[in-house]
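Below is one structure; the comments refer to it alone.
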Protein chains: 2
Amino acid sequence: MSKLGSAPTLDDVAKLAGVSTATVSRCLNNPGQVVEATRLRVQSAVDALGYMPNFAARVMAAKRSSTIGAIIPTMENAIFARGLQAFQEELHQHGYTLLVSSSAYEPEIEEEQIKTLVARGADGLLLIGHDRHPRIYENLERWKIPALVAWSYLPDAQLPCIGFDNRAAMAELANHVIGLGHTRIGVISGISAGNDRARLRINGIQDAASQHGLDPSDLTIIETPYEIENGASAFSEVMSQNIPPTAVLCGNDVLAVGALHRAMEMGLNVPRDISITGFDDIELARIATPALTTVHVPHREMGRRAASALIGMLENQASGHGNPLATHIVERQSLGPPPDA
Amino acid sequence: MSKLGSAPTLDDVAKLAGVSTATVSRCLNNPGQVVEATRLRVQSAVDALGYMPNFAARVMAAKRSSTIGAIIPTMENAIFARGLQAFQEELHQHGYTLLVSSSAYEPEIEEEQIKTLVARGADGLLLIGHDRHPRIYENLERWKIPALVAWSYLPDAQLPCIGFDNRAAMAELANHVIGLGHTRIGVISGISAGNDRARLRINGIQDAASQHGLDPSDLTIIETPYEIENGASAFSEVMSQNIPPTAVLCGNDVLAVGALHRAMEMGLNVPRDISITGFDDIELARIATPALTTVHVPHREMGRRAASALIGMLENQASGHGNPLATHIVERQSLGPPPDA
DNA sequence: ATGAAAAATGCAAGCGCTTACATATTTGCT
DNA sequence: AGCAAATATGTAAGCGCTTGCATTTTTCAT
């Protein structure tokens, strides 16, 4: 059937091997159903022709794609890379392929990407965080696409989720900081609008403040996109107050590294003059100078669990619900007691 | 036609709007061919149903996907992120979608990913570097898939390419280093097998050495995967010789940052005791301590040009060939004269 | 040897969409 | 008003594959 110059099709293979297309299809997908001799014959036809199954045709006929889509806020920093890597490895072991796209932290782009992935036949979706337009959840339901949220655990969330308690994790760190004697605290957060992780981390700091009798509204909070540069500018800003803080808690390691760098430029010694902390524990945190005290998030474990949960939802109508993952503080060199202590 | 519980199809929309499927299809793809009133009627049917075109069906019927595939060695470091971002933006403007996958620097995985992308209907492919099994080039030809190589410019390459001259760029830096008086030079390179960029950068250093009357075989060259940790270990190794080098040239910024970090741990002052250079000029280079002297690569420009070239190949049978991009040395603080100078 | 059950293979109907080509409608002239 | 040309819409044939069901071949117990 193939007009010269087109890629060979199942038909071509079938013809060459002298069998029906059904048999070729079975050789490729369920070799067990086909007798050895036939399988070999078909295989050599495939090789001779350099045949590649057409994915679109397969998806159409089979009505599943064995593909999972993931939309992450950004590929530009390492935050999601590790978890996604584990996610993908686990999927691969179960015969699924991962398609990744990024939303640049823009809700509209995320919505578009979700549509694209669904249109492309994704059997399931991995989303980051819970904050998004309700319409998206309605559509997901309408299209009957199983979806799972990662990087944020919320007990009563709309969608099943695999993640950790951002609020409690940050509260733990903030408690520790306050426990060291810090009372004037600056916060450099990611943009919290549409980002529950960022918002909950701020809430965690506020929780810790109240708990220690500090007024949460005394916290200086600056929100800025997750980029090193922005961490630096925000640090300048937070330090430019009449009475600057003695500790600056950052919403993630990327911002913290920017802050650290700016502190050094300003001639401040960290942690003697000022303490700075991060969140996530990416590689950058270890090699920063001084090494960053931060909250370790089990990214790989999270990715792996997310994959299992999603596959469970796809194959066994499992609910996808699980327990939150534990985080812990990694103490390195960027946090110390306040200067006057 | 839709059995309850399935996503709505073109048929459903056509029925609801009281037109034929052809008209609906035209409304979606060539609204100009359809009269306003019809278009509106169809649009509201689409909205009412929450209709999403099925991509697989569309690809099959139209025999093109408006999708470009890119296989990059890794998503784990920022080297490719920026260029790919620009690539994708440019594609998007021309109505193409980008599908990215990574090969983990493994030739077999790369080959598999290429097949996957082609099977998924990619109209064209972006590949990184030239070194790969000839079979892959044969297949690409057989399948009639236009492909373009980026990140490495070679005048007589198999495939059209957009990139810079890795060898000359690194030679320029090495010349500068040697010009400062360094004669004992260490090299920390990525794994050069199957990676022409890594190999050519080494060659560039060797070129510069010969040119200055140094024996290229005196260079201590260590190859190691592109990870910060590895840069650190390699640095220890290269410094453990009887007569350690006074300058260590690294194959990329990631390795250089690792080396820098280890140097600091060893109590060495950079650049007073030892000079260290990188390659790529990613953000990390700027915020490293001391800031890294490196080779700036115009990643965004490269990505943009690669997109234009590939689209040209797809739409106008353009050859895709272009000119090499220019790189330049960025002098920061990690390179100085040798200690005894 | 022989027939029933099991295993292997073939047949053919779609999957949801695009797009020639055919047909119906509108437009612009005279 | 009336006709040709231009424009809008409909008809239906696939695109390459999977899979339920029908048919053929093999296996195995008698």
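Just so it is clear: chains get the letters A, B, ... in the order the sequence lines come, proteins before strands, and each one is counted from 1. Values below: every heavy atom of this structure, side chains too, minus hydrogens, waters and symmetry copies.
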Can you name the residues that form a salt bridge (Lys or Arg N to Asp or Glu O under 4.0 Å) with A:E108, not counting sequence neighbours?
none

In short, ring pair (Phe, Tyr, Trp, His ring centres under 6.0 Å) pairs touching residues 12-34 of chain A with sequence neighbours left out are none

Quick one: do the A:Q93 and A:E89 side chains pair a donor with an acceptor below 3.5 Å?
no

Scan nucleotides 23-28 of chain C against the protein and return all N/O pairs shorter than 3.5 Å with their distances rounded to 0.1 Å.
none

Show every ring pair (Phe, Tyr, Trp, His ring centres under 6.0 Å) that has at least one partner inside residues 111-141 of chain B, sequence neighbours left out.
none

Could you say whether B:A61 or B:T21 is positioned toward the 5' end of DNA chain D, judged by the nucleotide with the nearest heavy atom to each?
B:T21

Using a heavy-atom cut-off of under 4.0 Å over every strand shown, decide if B:R64 touches base, sugar-phosphate, or nothing.
sugar-phosphate

Provide, to the nearest angstrom, the distance between the CG atom belonging to B:D12 and the C1' atom belonging to C:dG16.
10 Å

Could you tell me whether A:E301 and A:R305 have a side-chain N and a carboxylate O separated by less than 4.0 Å?
yes

Atom NZ of A:K63 and atom C1' of C:dG14: how far apart are they, to the nearest Å?
8 Å

Heteroatom pairs (N/O) under 3.5 angstrom, protein to nucleotides 20-23 of chain D:
residue: D:dG20; atom: O6; partner: A:R26; partner atom: NH2; Å: 3.1

Output the rounded distance in Å from CE (B:M60) to P (C:dT18).
13 Å

Go through the structure and list residues passing salt bridge (Lys or Arg N to Asp or Glu O under 4.0 Å) with A:R82, not counting sequence neighbours.
none

Overall bend of the helix from C:dA1-D:dT30 to C:dT30-D:dA1 (five pairs an end, 10° steps) is 20°

Applying a 4.0 Å non-hydrogen cut-off, can you work out what A:V19 is touching in the nucleic acid: base, sugar-phosphate, or nothing?
sugar-phosphate

Within the 4.0 Å heavy-atom criterion, would you say B:F55 contacts the bases, only the backbone, or no part of the nucleic acid?
nothing

Would you kindly give the CZ-to-P distance between B:R58 and D:dC17, to the nearest whole Å?
21 Å

Given D:dT18, D:dC17, D:dC15, identify the nucleotide with an atom nearest to the side chain of A:P53.
D:dC17

Could you state the atom-to-atom distance from CD of B:Q33 to P of D:dT9 in whole Å?
10 Å

How close or far is atom P of D:dG14 from atom CG of A:D11, stated in whole angstroms?
13 Å

Establish, with yes or no, whether the OP1 or OP2 oxygen of D:dG16 is under 4.0 angstrom from a side-chain nitrogen or oxygen of A:T9.
no

For A:S65 and A:D123, test the side chains for any donor-to-acceptor distance below 3.5 angstrom and give the result as yes or no.
yes

Using a heavy-atom cut-off of 4.0 Å across all strands, would you classify B:S25 as base, sugar-phosphate, or nothing?
base

Side-chain contact check for B:S20: nearest option of D:dG10, C:dC15, D:dC17 is D:dG10

Got a sec, which pairs hit ring pair (Phe, Tyr, Trp, His ring centres under 6.0 Å) with one end in residues 52-86 of chain B, sequence neighbours left out?
B:F80-B:W151

Within less than 4.0 Å of OP1 or OP2 of D:dC15, is there a side-chain N or O belonging to A:N54?
no

Please table the atom pairs, donor to acceptor, closer than 3.5 Å between any side-chain atom in residues 26-37 of chain B and protein atoms at least two apart or in another chain.
residue: B:N29; atom: OD1; partner: B:R58; partner atom: NH1; Å: 2.6
residue: B:N29; atom: ND2; partner: B:S25; partner atom: O; Å: 3.0
residue: B:N29; atom: ND2; partner: B:S25; partner atom: OG; Å: 3.4
residue: B:E36; atom: OE1; partner: B:R39; partner atom: NH2; Å: 3.4

Sequence neighbours left out, what passes salt bridge (Lys or Arg N to Asp or Glu O under 4.0 Å) with B:E90? Give chain and number order.
none

Taking only residues two or more places apart in sequence, or in another chain, which ones meet B:E112 in a salt bridge (Lys or Arg N to Asp or Glu O under 4.0 Å)?
none

Sequence-distant partners of A:Y153, ring-ring contact (aromatic ring centres under 6.0 Å, His included), two or more places apart:
none

A:T23 side-chain N/O to C:dG10 phosphate OP1/OP2 under 4.0 Å:
yes

